[in-house]
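Note on naming: letters A, B, ... go to the chains in the order of the sequence lines (proteins, then strands), and numbering restarts at 1 for each one.
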2 protein chains.
Amino acid sequence: MSLRHAMLGLLARGPASGYDLLKLFEISLSNVWPATQSQLYAELGRLADTGLVKVVAEGPRGRKEYAITDEGMAELRHWITDVEPNRSRRSDMLLRVFFLNTVEPDQARQYLRDQAAAAAKQHEGLTKIREIIADGQDALSVYGRIAVEWGLRFSAMQREWAEWAVEEIDQLPSPTPE
Amino acid sequence: MSLRHAMLGLLARGPASGYDLLKLFEISLSNVWPATQSQLYAELGRLADTGLVKVVAEGPRGRKEYAITDEGMAELRHWITDVEPNRSRRSDMLLRVFFLNTVEPDQARQYLRDQAAAAAKQHEGLTKIREIIADGQDALSVYGRIAVEWGLRFSAMQREWAEWAVEEIDQLPSPTPE
DNA sequence: GGGCCCATGTAAGAGGTTACATGATTAA
DNA sequence: TTAATCATGTAACCTCTTACATGGGCCC
């Protein structure tokens with residue numbers, strides 16, 4: 001149940017409405033923990049019911065601003081330090097690799113070249129983000145940079161791997177259908 | 001809907017029962033696309049209903065052996081070559097990094113050291129698998145090696161990143177609570 | 001006979017996606 | 001006045017997890 005903790009984490013920075021959270025997810029967490037509008041409003045209700053957040057202000061158009069409570073803050077810290085991150089990652093990109101023997105080597109190479117290109121593009125996008133975010137020594141900047149650095153290293157690794165893999169397939173004897 | 005394609009991919013190697021598939025998922029796909037017993041049996045029924053697989057033999061204890069059909073094979077190849085892999089990855093490990101500013105720097109460092117250790121352990125496990133799988137030049141060996149190589153590079157990258165990140169936090173001014 | 005593995009299935013519930021539905025406020 | 005944005009909520013559906021439920025066959 002990481003959605004609730006993602007929301008608590010954002011609310012730890014200050015009060016926000018469901019609409020605000022939606023924007024925050026889009027700009028800062030979309031690559032790590034995407035969330036939809038319907039999820040956010042439903043979960044906000046549950047968080048309020050369990051006392052981890054509370055409504056602190058109401059604005060125009062029915063706007064409700066929520067703030068994290070002490071219990072919410074405790075739950076967030078507990079989740080960060082005491083709950084084991086989920087190691088299992090599902091990757092349909094990698095799943096296809098397992099079955100590349102069912103297509104022609106040409107198609108397999110094309111597939112891996114596409115992955116290399118996608119990784120390169122992703123890397124490029126992250127370098128731009130890296131340039132934008134501040135070089136400050138405050139905690140927020142440091143942790144933000146650490147997260148972006150993960151993405152940079154991941155996309156670089158994936159590009160290199162895919163390019164290496166294309167070479168490997170070149171070693172395969174030409175006619176390898178089925 | 002990658003589960004069905006994972007199952008088709010395994011059945012492309014030869015007929016198997018639900019029970020067989022469960023074992024195959026456990027030994028070969030657990031790190032890429034885990035599946036549970038209840039999922040497999042339910043999906044086998046749906047695959048048979050849509051004609052992508054069919055029962056080819058019945059054995060003791062109600063065992064039903066399924067084989068992929070021509071339509072199933074076509075669907076598998078279509079999925080591999082024409083369907084864009086899902087780029088969005090959820091990572092609660094990385095999500096926590098975004099919120100490390102809410103805990104003490106000591107705890108943040110500990111968290112990242114734990115991630116480095118977990119990655120190192122994962123890398124070690126994969127090197128053993130790498131040693132076991134054949135060095136053959138046939139398609140199955142080559143693609144298997146490519147998939148394992150991804151895991152090796154990923155876990156190496158993650159270990160290096162986490163160790164680098166610990167150093168970054170050391171640059172933070174000591175008292176940075178809240 | 002008893003324990004282990006083989007073998008299949010169902011049900012409840014959590015989490016997530018997509019679509020539907022509605023309306024207020026603001027700025028050009 | 002009208003289009004964009006702010007703002008909240010519900011419903012249907014899919015996927016995945018966990019637990020329940022049952023029983024046959026094999027080997028010691």
Side-chain angles (χ1 to χ4, degrees), chain A residues 1-8 10-11 15-27 29-50 52-53 55-66 79 83-92 95, chain B residues 1-8 10-11 15-27 29-50 53 55-66 79 83-84 86-92 95:
Chain A
M1 226 204 301
S2 298
L3 173 69
R4 79 170 4 181
H5 297 104
M7 294 171 71
L8 289 172
L10 291 176
L11 288 172
S17 67
Y19 191 85
D20 293 341
L21 287 177
L22 182 63
K23 301 294 154 193
L24 289 168
F25 268 87
E26 279 167 7
I27 60 170
L29 297 183
S30 59
N31 289 315
V32 170
W33 207 270
T36 61
Q37 180 253 41
S38 66
Q39 256 185 305
L40 292 181
Y41 284 108
E43 190 62 32
L44 267 178
R46 277 176 237 130
L47 282 167
D49 289 345
T50 47
L52 300 182
V53 306
V55 177
V56 288
E58 308 215 4
R61 283 164 292 201
R63 175 187 173 91
K64 282 184 279 186
E65 218 164 52
Y66 294 85
W79 174 75
V83 180
E84 267 288 283
N86 192 355
R87 301 280 164 217
S88 81
R89 54 213 140 81
R90 277 195 166 85
S91 168
D92 66 327
L95 186 58
Chain B
M1 224 204 301
S2 298
L3 173 68
R4 78 170 7 183
H5 297 104
M7 294 171 71
L8 289 173
L10 291 178
L11 287 173
S17 68
Y19 191 85
D20 293 341
L21 287 177
L22 182 62
K23 300 297 153 190
L24 287 169
F25 268 88
E26 279 168 7
I27 60 170
L29 296 182
S30 60
N31 290 316
V32 170
W33 206 272
T36 61
Q37 180 254 41
S38 66
Q39 253 185 307
L40 292 182
Y41 284 108
E43 190 63 34
L44 267 179
R46 277 177 236 128
L47 283 167
D49 288 346
T50 47
V53 305
V55 177
V56 287
E58 309 216 1
R61 281 163 294 201
R63 176 187 173 91
K64 281 184 280 185
E65 218 163 52
Y66 294 85
W79 174 75
V83 181
E84 268 287 284
N86 192 356
R87 301 282 164 220
S88 83
R89 54 213 139 83
R90 279 194 164 86
S91 168
D92 65 327
L95 185 59

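Relative to the side chain of Y41(B), the nucleotides dT8(C), dA7(D), dT10(D) differ in distance, and dT8(C) lies closest. Side-chain proximity of M1(A) to dA7(C), dG15(C), dA19(C): nearest is dG15(C). Nearest nucleotide to the Q39(A) side chain, out of dC16(D), dA11(C), dT17(C): dT17(C). Out of dG16(C), dC6(D), dT25(C), the shortest distance to the side chain of L3(A) is found at dG16(C). Of the candidates dT8(D), dC6(C), dG16(C), dC6(C) carries the atom nearest the Y19(B) side chain, counting heavy atoms from C-beta on. Nearest to the side-chain atoms of Q37(B) among the listed nucleotides dA19(D), dG16(C), dT8(D) stands dA19(D). With distances taken from any side-chain atom of Y66(A) to the nucleotides dG9(D), dC16(D), dA7(D), the minimum falls on dG9(D).
At the phosphate of dT17(C), OP1 or OP2 sits under 4.0 Å from a side-chain N or O atom of R90(B). Contact annotation: K23(B) does not reach the phosphate of dA7(C) (side-chain N/O to OP1 or OP2, under 4.0 Å). For dA7(C), one of the phosphate oxygens OP1 or OP2 lies less than 4.0 angstrom from a side-chain nitrogen or oxygen of R63(B).
Counting to the nearest Å, the P atom of dC16(D) and the CZ atom of R46(B) are 9 Å from each other.
In this structure, K64(A) forms no cation-pi arrangement with Y66(A), as its terminal cationic atom is not both closer than 6.0 Å to the ring centre and no more than 45° off the ring axis.
Closest-nucleotide positions on DNA chain C for G18(B) and E43(A) were compared, and the one nearer the 5' end corresponds to G18(B).
Between D92(A) and R89(B) no salt bridge is recorded (no basic side-chain N to carboxylate O distance below 4.0 Å).
Counting distance only, with no hydrogens placed and no angle test, the side-chain atoms of T36(B) and the base atoms of dT18(D) include no donor-acceptor pair under 3.5 Å.
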